[in-house]
Amino acid sequence: TLYRRGPGTSTRFIVFNQAFANMVRAWEVAGIRPGDHALLPALGKQVNQEWLSFYQRSLSGEQFTTTVLLDVPADGIHHFHVAFNPIVQHGAIQGVACYAKDVSNEVLAREALVESEAKYRNLFKHSPLPNLVYDLEDLRILDVNDPACAHYGYSREEFLTRTIPDLFPPSEMPDMVRGFKETTEFHGHVRFEVVTQQHGDGSLMRMDMHGFTVLFEGRRCMMLTCL
């Protein structure tokens with residue numbers, strides 16, 4: 001959407017696309033035309049004051065982006081990523097070019113991811129069973145809980161320098177690397193059945209391992225529970 005500087009604090013539309021016209025209709029504003037005032041009463045005083053401040057910043061020469069929230073009738077709150085750019089003609093600022101993208105789905109996805117990770121961390125931390133998380137791409141151990149440290153005989157710091165195959169005796173490591181690499185495309189629950197693992201003191205343990213895929217810090221991982 002392009003706006004031109006009007007007299008005083010007035011700002012008027014120069015041109016806009018159909019997507020903008022369609023969005024404005026959500027506020028039952030029909031028939032906007034180039035030359036109309038850019039501040040729409042249907043949006044409310046607070047929203048108009050915020051947008052006026054954006055226009056004035058850009059008309060003073062500032063180029064910037066910001067995220068704004070708009071309550072779209074019958075559709076709830078939407079998040080828009082908006083870029084404001086001064087229009088310069090003959091060495092003077094004559095208007096503002098405004099480009100907006102609805103990023104509501106991306107925002108909701110990030111919020112859901114944060115909520116999911118928070119729930120996982122709570123369950124992970126308070127589980128009485130040994131749990132650890134490893135990266136499905138390179139098999140690095142990314143997180144462990146206290147029962148896992150006690151069960152395996154490693155400190156948290158020692159765990160985080162290891163990969164999943166490092167928990168197995170050398171004779172079984174090649175097979176374990178192949179087996180765990182095969183889980184990279186899995187989704188949901190995985191049972192590894194009973195395997196032989198190596199304690200920090202070198203002794204061997206028989207473990208029944210279960211896992212399920214999780215998103216951890218934005219990465220696809222596997223959370224293992226060892227019984």
Side-chain angles (χ1 to χ4, degrees), residues 65-69 76-83 101-227:
T65 59
T66 187
T67 299
V68 298
L69 276 64
I77 299 296
H78 279 238
H79 297 73
F80 291 89
H81 187 71
V82 190
K101 178 183 178 183
D102 190 336
V103 294
S104 302
N105 289 338
E106 292 90 333
V107 170
L108 291 174
R110 286 197 299 270
E111 290 176 349
L113 177 59
V114 170
E115 182 179 355
S116 175
E117 288 194 5
K119 289 180 179 178
Y120 142 74
R121 288 182 181 277
N122 186 54
L123 292 172
F124 183 86
K125 180 179 178 181
H126 295 98
S127 172
L129 299 174
N131 286 320
L132 53 90
V133 173
Y134 70 88
D135 190 316
L136 283 169
E137 183 67 27
D138 57 17
L139 306 184
R140 288 188 306 112
I141 297 172
L142 302 179
D143 202 0
V144 295
N145 65 0
D146 291 340
C149 293
H151 187 80
Y152 283 91
Y154 294 117
S155 68
R156 174 180 173 79
E157 291 71 24
E158 290 173 319
F159 256 123
L160 299 184
T161 65
R162 287 169 165 75
T163 65
I164 284 294
D166 292 333
L167 303 181
F168 293 84
S171 60
E172 297 193 19
M173 194 172 293
D175 290 337
M176 290 300 102
V177 171
R178 284 194 297 272
F180 279 98
K181 283 290 187 181
E182 290 174 358
T183 68
T184 57
E185 300 302 321
F186 285 14
H187 296 274
H189 178 263
V190 179
R191 186 178 180 208
F192 295 90
E193 300 188 355
V194 178
V195 297
T196 300
Q197 291 189 298
Q198 188 165 303
H199 191 275
D201 63 10
S203 61
L204 300 181
M205 309 177 293
R206 296 289 286 171
M207 303 288 293
D208 190 359
M209 300 178 65
H210 296 257
F212 62 90
T213 52
V214 296
L215 280 175
F216 178 78
E217 297 180 350
R219 307 173 72 173
R220 287 191 68 244
C221 296
M222 182 76 71
M223 181 173 126
L224 289 181
T225 299
C226 307
L227 306 172

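With rounding to the nearest 0.5 angstrom, the NE2 atom of His81 is 8.5 Å from the OG1 atom of Thr66. Going from atom CG of Leu129 over to atom CG of Leu224 covers 12.5 Å, rounded to the nearest 0.5 Å. Atom-to-atom distance recorded for Asp143:CG and Leu160:CG is 7.0 Å, nearest 0.5 angstrom. Note that the CD atom of Gln198 and the OH atom of Tyr152 stand 11.5 Å from one another [nearest 0.5 Å]. Interatomic distance, CG of Leu136 versus SG of Cys221, reported as 6.5 Å (0.5 Å rounding). Going from atom CZ of Arg219 over to atom CG of Leu142 covers 6.0 Å, rounded to the nearest 0.5 Å.
Shown here for Ser127 and Asn145, the closest heavy-atom pair between the two residues is O-ND2, 3.7 Å. Taking both residues in full, the closest heavy atoms of Asp102 and His78 are given as OD2-ND1, 2.7 Å, listed atom of the first, atom of the second, then distance. Nearest heavy atoms, Cys149 versus Ser155: SG-C, 4.1 Å. A pairwise comparison of heavy atoms in Thr65 and Ala83 identifies CG2-CB, 3.7 Å as the closest pair. Taking every heavy atom of both residues into account, Asn131 and Thr225 meet most closely at OD1-OG1, 2.6 Å.
Gln197 is not listed as a side-chain neighbour of His151, based on a closest heavy-atom distance of 4.5 Å or more. Between Met209 and Leu132, the closest side-chain pair of non-hydrogen atoms is not below 4.5 Å. Taking 4.5 Å as the limit, every side-chain heavy atom of Asp166 sits out of range of all side-chain heavy atoms of Phe159. Looking at Thr67 and Val107, their side chains never come closer than 4.5 Å, going by heavy atoms from C-beta outward.
Remark: the backbone N or O of His79 is paired with a side-chain donor or acceptor of Ser104 at under 3.5 angstrom. At least one donor-acceptor pair closer than 3.5 Å links the side chain of Arg156 to the backbone N or O of Val144.
If you check the side chains of Thr163 and Arg140, you find no donor sitting under 3.5 Å from an acceptor.
More than 12 non-hydrogen atoms from other residues, nucleotides or ligands lie less than 6.0 angstrom from CG of Asp208.
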